[in-house]
Amino acid sequence: MSRQRVLSGVQPTGILHIGNYLGALRNWRGMVDDYDTFFCVVDMHAITVPEAVDPARLREAIRSVAAIYIAAGIDPDKATIFVQSDVPAHAELAWILTCMAPMGWLKRMTQFKVKGGDNEGVGTGLLTYPVLQAADILLYDADLVPVGADQKQHIELTRDLAERFNHRFGDVFHLPKPMIPKQGARIMGLDDPEAKMSKSTAVERPGHAIGLLDTPKQVKKKINRAKTDSGTCTIYEDASPGIRNLLGMFAAFTGEDPAEIGKRYDGRGYGYLKADLIAAAEAELAPLRARYEELRGDESVLDAILERGAERANAQANVVLARAKQAMGLGR
Ligand code: ATP
Ligand code: LTN
């Protein structure tokens with residue numbers, strides 16, 4: 001039997017943080033042996049917030065995200081790593097699906113509302129963002145989409161769009177399922193444990209996120225300054241949101257249960273918890289940083305990986321795009 005397909009992506013909108021790592025990349029790494037995996041740098045999603053786009057910065061961010069995939073341990077000989085805009089089928093299928101996506105479905109998406117959907121001047125791409133994401137997934141006949149908890153709604157929309165299309169034009173698209181990790185699916189901001197840790201927020205607020213390329217000194221400082229409370233309670237159910245967030249991160253790094261970790265530190269002062277969390281983060285980030293530096297030392301290696309990735313991705317995506325166009329009567 002052929003292996004199940006996996007597709008996922010990260011936007012090149014800034015330096016990746018531990019939320020991206022624990023919620024997504026680390027799980028991707030574990031899938032490359034058992035699944036046929038496609039990991040995409042979704043640069044066309046990044047331009048949905050055009051004011052944040054500077055050509056030189058975008059170009060660098062695309063390469064940086066691709067290098068981080070590999071530095072995080074995703075083997076480019078086993079996975080297909082590629083850049084979304086290198087595969088024109090994504091934009092083409094996105095248009096087709098846009099024509100089928102009810103406005104109401106898109107207006108209801110949480111991400112659209114959070115990122116400024118009520119502002120009339122905002123680019124239309126912010127509204128149709130999840131349709132492009134649906135195209136990303138459906139073009140590869142993906143069975144599973146490993147993502148953080150915030151993306152569940154977008155995967156459900158992808159299924160709804162696929163079902164709508166299939167209902168009208170026959171069995172064209174394969175229905176994907178989200179795959180959300182038990183630990184680390186929703187890491188909150190260090191400076192604001194009520195809000196999801198996010199790349200774009202980290203651009204303005206350095207204390208918000210631990211970047212995957214932060215120095216050991218930065219990691220230490222950020223964790224030490226993370227918002228907590230004035231008590232000493234680390235019992236998971238009773239702890240403040242800031243402490244729960246630190247316990248959740250700790251658990252995701254070590255594979256332990258956050259409640260068990262909490263019991264060890266209760267009543268001792270948060271400094272002990274933070275010191276051990278810093279060590280746990282460092283153990284995971286140090287090798288990643290080293291591999292990243294090595295990769296960026298010779299850009300031709302990355303170029304070759306992305307070139308090969310684009311070829312493989314185009315070959316697969318064009319098959320499904322042709323299937324969709326044929327089914328609906330588009331073209332000659
Ligand atoms: P942006 O701020 O630009 O929207 P982001 O930090 O939310 O970026 P994305 O590129 O949107 O990151 O997401 C990449 C992957 O990381 C997705 O699978 C997403 O679910 C996951 N992810 C993002 N933030 C977190 C988080 N705080 N905790 C766990 N997973 C996360
Ligand atoms: N919207 C996603 C990024 C993304 C994605 C995808 C994730 C774009 N296309 C396809 C999984 C599959 C996000 O994480 N913000």
Side-chain angles (χ1 to χ4, degrees), residues 5-28 37-49 51-53 58 61-62 64-65 68-69 72 82-85 87 90-91 93-94 97 109-112 114-116 125-126 128-140 142-159 176-190 192-205 208-212 245 248-249 251-253 313 317:
R5 273 284 169 71
V6 166
L7 178 127
S8 198
V10 173
Q11 305 179 76
T13 41
I15 301 288
L16 271 63
H17 52 72
I18 56 162
N20 302 131
Y21 179 71
L22 297 171
L25 297 191
R26 198 175 58 161
N27 308 303
W28 303 2
T37 49
F38 288 81
F39 299 122
C40 181
V41 179
V42 290
D43 54 347
M44 294 199 297
H45 278 103
I47 62 171
T48 55
V49 264
E51 61 279 12
V53 174
L58 180 59
I62 293 167
S64 167
V65 172
I68 286 181
Y69 285 2
F82 69 104
V83 178
Q84 184 187 35
S85 65
V87 185
H90 290 242
L93 182 61
L97 295 173
M109 293 291 113
T110 308
Q111 183 178 293
F112 173 64
V114 170
K115 293 206 169 176
L126 199 65
T128 55
Y129 177 112
V131 184
L132 177 58
Q133 182 166 354
D136 297 343
I137 297 168
L138 299 175
L139 280 172
Y140 298 86
D143 299 289
L144 290 172
V145 185
V147 282
D150 63 309
Q151 292 303 310
K152 189 163 176 263
Q153 200 184 33
H154 287 169
I155 315 301
E156 277 159 11
L157 183 90
T158 300
R159 289 177 64 93
K177 288 199 182 76
M179 187 180 189
I180 296 166
K182 281 202 187 66
Q183 297 293 348
R186 193 169 165 79
I187 304 291
M188 310 306 276
L190 290 176
D192 174 12
E194 310 282 346
K196 179 183 93 88
M197 186 178 282
S198 118
K199 278 189 247 97
S200 352
T201 310
V203 174
E204 297 125 45
R205 303 203 319 242
H208 175 75
I210 298 174
L212 293 180
N245 190 34
M249 259 179 237
F253 277 126

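Order of listing sets the numbers, starting from 1, for every ligand and every atom in it. Since the structure is predicted, the reported quantities are computational estimates derived from the model, not experimental observations.
Contact atoms of ligand 1 toward K199: 2 (O), 3 (O), 5 (P), 6 (O), 8 (O), 9 (P), 10 (O), 12 (O) (distance under 4.0 Å to a heavy atom of the residue). For ligand 1, the atoms sitting less than 4.0 Å from at least one non-hydrogen atom of Q151 are 20 (O), numbered in the order shown with element in parentheses. The contact set between ligand 1 and Q11, taken as ligand atoms under 4.0 Å from a residue heavy atom, comprises 3 (O), 4 (O), 9 (P), 10 (O), 11 (O). Close approach to S198 involves these atoms of ligand 1, each under 4.0 Å from a residue heavy atom: 2 (O), 6 (O). Listed by atom number, the atoms of ligand 1 under 4.0 Å from G23 heavy atoms are 29 (C), 30 (N). Remark: ligand 1 atoms within the under-4.0 Å shell around heavy atoms of G184 are 29 (C).
Between V145 and T158 the shortest side-chain heavy-atom distance does not fall below 4.5 Å. Residues W28 and V10 form a side-chain contact, since some pair of their non-hydrogen atoms from C-beta on lies under 4.5 Å apart. Taking 4.5 Å as the limit, some side-chain heavy atom of K152 sits within range of a side-chain heavy atom of I180. Counting heavy atoms from C-beta on, the side chains of T128 and L132 never come closer than 4.5 Å. Looking at H208 and M197, their side chains come closer than 4.5 Å, going by heavy atoms from C-beta outward. Counting only heavy atoms from C-beta outward, the side chains of I187 and Y21 never approach each other to under 4.5 Å. Between I68 and N20, the closest side-chain pair of non-hydrogen atoms is not below 4.5 Å. Contact annotation: the side chain of V87 never approaches that of F38 to less than 4.5 Å [non-hydrogen atoms, C-beta and beyond].
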Would you mind listing each N/O atom of ligand 2 next to any protein N/O under 3.5 Å, plus the distance?
unit_1	atom_1	unit_2	atom_2	d
ligand 2	1 (N)	Y129	OH	2.6
ligand 2	1 (N)	Q133	OE1	2.8
ligand 2	1 (N)	Q151	OE1	3.0
ligand 2	9 (N)	D136	OD2	2.6
ligand 2	15 (N)	Y129	OH	3.1
ligand 2	15 (N)	Q151	NE2	3.0

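Using a distance-only test at 3.5 Å, with no hydrogens or angles considered, no donor-acceptor pair links the side chain of R26 to the main chain of G184. The backbone N or O of V49 sits nowhere less than 3.5 Å from a side-chain atom of K115 that would complete a donor-acceptor pair. Under the 3.5 Å distance criterion, the side-chain polar atoms of N245 are matched with a main-chain donor or acceptor of M188. Here the side chain of R159 pairs a donor or acceptor atom with the backbone of P176 at under 3.5 angstrom. At distances below 3.5 Å, at least one donor-acceptor pair connects side-chain atoms of Q84 with backbone N or O atoms of M44. The backbone N or O of S200 lies less than 3.5 Å from no partner atom in the side chain of T13, so there is not a single donor-acceptor pair.
Some N or O of G19 is nearer than 3.5 Å to an N or O of ligand 1, by distance alone. For ligand 1, the polar-atom distance check against G9 finds no nitrogen or oxygen pair separated by under 3.5 Å. Ligand 1 has no N or O atom lying under 3.5 Å from any N or O atom of A149, backbone or side chain. The shortest N or O to N or O distance between A24 and ligand 1 is not below 3.5 Å. Checked by distance only, ligand 1 and K196 come closer than 3.5 Å through their nitrogen or oxygen atoms. Checking only distances, H17 does come within under 3.5 Å of ligand 1, N or O to N or O.
Here the two rings, on Y140 and H90, have centers that are under 6.0 Å apart.
When hydrogens are left out, the protein atom nearest atom 19 (C) of ligand 1 is D150 OD1, 3.4 Å; that is the closest non-hydrogen contact. For atom 1 (P) of ligand 1, the nearest non-hydrogen atom of the protein is S200 OG, 3.1 Å. Annotation: atom 3 (O) of ligand 1 to nearest protein heavy atom, T13 OG1, 2.7 Å. Atom 18 (O) of ligand 1 has its closest protein heavy atom at G148 N, 3.2 Å.
Distances from atom 13 (O) of ligand 1 to the heavy atoms of V114, V49, I180, N20 put N20 nearest.
Among residues two or more places apart in sequence or in another chain, the salt bridge (charged side-chain N to carboxylate O under 4.0 Å, His left out) test is passed with D150 by K196.
When heavy-atom distances to ligand 1 are checked against a 4.0 Å cut-off, I187 comes that close through both its backbone and its side chain. In A46, neither the side chain nor the backbone holds a heavy atom less than 4.0 Å from any atom of ligand 1. The proximity of R186 to ligand 1, defined as any non-hydrogen pair under 4.0 Å, is limited to the backbone.
A heavy-atom separation below 4.0 Å is found between K115 and ligand 1.
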